[in-house]
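The structure appears below as structure tokens.
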Amino acid sequence: MREEGLIRAVGVRGLTAAIINYTIGAGIFVLPAIVAAKVGGAAPIVYVICAIAMGLIVLCFADAGSRVSLSGGVYAYAEVAFGPYVGFMVAISLWFSTIFASASVASVLVDTLAQLAPSVSGWVARVVIMIGLYGILALINIRGVKIGSDVVQGVTAAKLAPLLVLVAVGIFAVNPSNLAWPGMPSATDTARTAVILIFAFMGIESALIPSGEVSNPARTVPRSIFAALAVVTLLYIAIQVVTQGILGAELATNTKAPLAAAAKRVLGRGGEILVVAGAAISTLGYIAGDMLAAPRMIYALGRDALLPHVVGAVHERYRTPHVAIVIHAILCAVLAITGTFAKLAVIVVLLTLLVYLSCCLATIQLQRRGIHAEGTIPFRVPGGPIVPILASGIIVWLMTSSTREEFIALAIMLAVASLLFLLARSRRTPRQNENAA
């Protein structure tokens with residue numbers, strides 16, 4: 001399991017920032033209102049429940065990620081554990097979901113910028129912004145994974161700053177009566193809210209895609225995952241407590257910009273602008289993180305001859321997957337400009353859950369086979385297969401909340417991906433039969 005051509009330049013701090021950046025997206029700027037509307041003052045308890053559930057899934061990522069250090073993240077875990085077909089299906093599922101998500105977040109970015117400068121709301125301005133945004137990020141990431149990682153760290157710090165300011169100042173404006181304990185919510189309300197919050201914790205699977213460029217992955221991956229989960233959980237709870245303590249019952253009805261409203265209450269118009277700017281930076285941070293991680297997915301498919309070989313090319317000077325970066329940037333920009341992603345966006349969450357399930361099952365298989373990088377001691381999940389089995393059960397439960405139409409859309413997408421896999425295999429067989437997995 002040796003990655004050829006790429007430089008291992010991402011350490012614990014860089015990977016932790018990437019995971020935090022991917023996880024804390026624009027949703028945190030509206031999430032507190034949704035949670036308050038469902039469970040009121042019991043919100044912090046539900047956050048803890050979700051963190052525990054996500055922790056089980058995270059343990060599987062830490063175990064698998066410390067054993068398989070190839071670029072591709074969950075694709076590499078699934079491919080090593082179950083073979084090229086399952087790996088290809090996981091890779092396509094994850095890549096499609098990242099394209100749709102990046103394009104939709106880019107649209108949110110333009111909408112957010114329009115709040116500060118209405119002149120950018122036109123179609124021409126939208127095209128210019130999208131092309132410029134993805135073009136610049138593509139060039140940054142082509143010049144080196146270290147540069148791309150540094151950009152993600154910088155953007156992550158910038159988007160966390162307004163949130164930390166709101167928490168630090170807002171804690172002194174909290175009205176204790178707004179946080180009165182209403183009693184434990186019903187099991188139904190808890191479950192529905194937990195599903196929403198689990199989605200808010202997603203992002204680890206994409207941040208781990210450039211594993212082939214992570215230094216000492218057996219040490220770096222577990223430490224980064226757990227550090228990021230701890231930071232995200234504490235920040236989510238702090239933001240929920242502060243906004244609910246400031247706005248009270250008003251929080252549940254302010255579903256568009258609850259954090260901006262709380263900031264305006266304690267910091268005035270300047271605070272509101274700060275939070276709106278933070279939302280813009282948050283969306284930019286997500287897109288920057290996506291441009292760092294997602295192209296490595298199709299690079300891995302090209303490397304393994306499941307896509308044309310050129311997709312797996314590595315730049316001679318910068319040692320980055322430049323062709324994959326350009327392809328991903330173009331597709332994201334086109335979808336963000338045209339908005340055609342909207343019809344398929346509904347299955348993104350289901351695709352992500354499918355990817356999570358594959359990682360949990362792959363962890364069991366990798367443990368059973370004793371897979372690990374040569375010369376390293378992998379992180380071991382306590383209890384052997386018990387944690388991956390529990391995590392798989394949680395994921396299946398979450399998937400049951402999807403609609404029949406979403407499952408049909410997922411089945412169609414997987415069928416198309418299967419045909420692509422068979423086509424790729426048949427095309428490479430005459431020339432690469434001896435390399436077939």
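For the numbers below, each heavy atom of this structure counts, side chains included, while hydrogens, waters and symmetry mates do not.
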Decide side-chain contact (heavy atoms from CB on, under 4.5 Å) for Phe88 and Leu420; before the verdict, give the C-alpha distance in whole Å, the side-chain angles of both, and the deciding distance to 0.1 Å.
CA-CA 9 Å; Phe88 182 82; Leu420 290 175; 4.1 Å; yes
Met413 and Phe96 have their tightest heavy-atom pair at SD-CD1, 3.4 Å
Can you check whether Val86 reaches Glu79 side chain to side chain, under 4.5 Å on heavy atoms?
no
Less than 3.5 Å apart, any donor N or O on the side chain of Tyr356 or Ser392 sitting next to an acceptor on the other?
no
So, Gln240 side chain and Pro32 main chain: donor-acceptor pair closer than 3.5 Å or not?
yes
Measure across Leu247 and Pro258 and return the closest heavy-atom pair with its distance rounded to 0.1 Å.
CD1-O, 3.5 Å
For residues Ala263 and Gly271, report the shortest heavy-atom separation together with the two atoms involved.
CB-O, 3.4 Å
Is the backbone N or O of Thr98 less than 3.5 Å from a side-chain atom of Ser102, with the two atoms forming a donor-acceptor pair by type?
no
Donor-acceptor contact below 3.5 Å, side chain His322 vs main chain His315:
yes
Would Leu267 and Val275 satisfy side-chain contact (heavy atoms from CB on, under 4.5 Å), going step by step from the backbone distance to the final call?
CA-CA 10 Å; Leu267 295 170; Val275 170; over 6 Å; no
pair Ile237-Val241: side-chain heavy atoms closer than 4.5 Å
yes
Smallest separation among heavy atoms of Pro84 and Leu306, with atom names:
O-CD1, 4.1 Å
Please report the shortest heavy-atom distance between Ile287 and Ala106, naming the atom on each side.
CD1-CA, 3.5 Å
Distance check, rounded to the nearest 0.5 Å: Arg265 atom CZ versus Ile246 atom CD1?
8.0 Å
Would a 4.5 Å heavy-atom cut-off, applied to side chains only, mark Met130 and Val110 as touching?
yes
Could you measure the distance from the SG atom of Cys60 to the CD1 atom of Ile395? Nearest 0.5 Å is fine.
7.5 Å
Would you confirm whether Ser97, through its side chain, and Leu94, through its main-chain N or O, come within 3.5 Å as a donor-acceptor pair?
yes
Distance in Å, Leu390 CG paired with Cys360 SG, rounded so as to fall on 0.5 Å steps
10.0 Å
Rounding to 0.5 Å, atoms CG (Leu301) and CD1 (Ile92) come to a distance of 5.5 Å
Please list every donor-acceptor pair under 3.5 Å in which a side-chain atom of residues 325-337 meets a protein atom from a residue at least two apart or in another chain.
{"unit_1": "His328", "atom_1": "ND1", "unit_2": "Trp95", "atom_2": "NE1", "d": "3.0"}
{"unit_1": "His328", "atom_1": "NE2", "unit_2": "Asp290", "atom_2": "OD2", "d": "2.7"}

When rounded to the nearest 0.5 angstrom, what is the spacing between CD1 in Ile273 and NZ in Lys264?
10.0 Å
May I ask you to decide if Leu59's main-chain N or O and Asp63's side chain share a donor-acceptor pair within less than 3.5 Å?
no
Have Tyr299 and Thr320 got a donor and an acceptor in their side chains that come within less than 3.5 Å?
no
What donor-acceptor contacts under 3.5 angstrom involve side-chain atoms of residues 160-174, with partners at least two apart or in another chain?
none

I'd like to know if the side chain of Ser358 and the backbone of Val355 have a donor-acceptor N/O pair within less than 3.5 Å.
yes
Side chain to side chain donor-acceptor pair (under 3.5 Å) evaluation trace for Tyr85 with Ser418
CA-CA 8 Å; Tyr85 173 70; Ser418 296; 2.8 Å; yes
What's the spacing between Leu274 CG and Leu259 CG if we round to 0.5 Å?
11.0 Å
pair Gln367-Thr363: side-chain heavy atoms closer than 4.5 Å
yes
For a side-chain contact (heavy atoms from CB on, under 4.5 Å) check, start with the C-alpha distance between Met291 and Ile140, then their side-chain angles and the critical distance, and finish with the verdict.
CA-CA 9 Å; Met291 283 301 302; Ile140 289 173; over 6 Å; no
With side-chain contact (heavy atoms from CB on, under 4.5 Å) as the test, would you mind laying out the steps for Val39 and Val35 before giving the verdict?
CA-CA 6 Å; Val39 296; Val35 177; 3.8 Å; yes
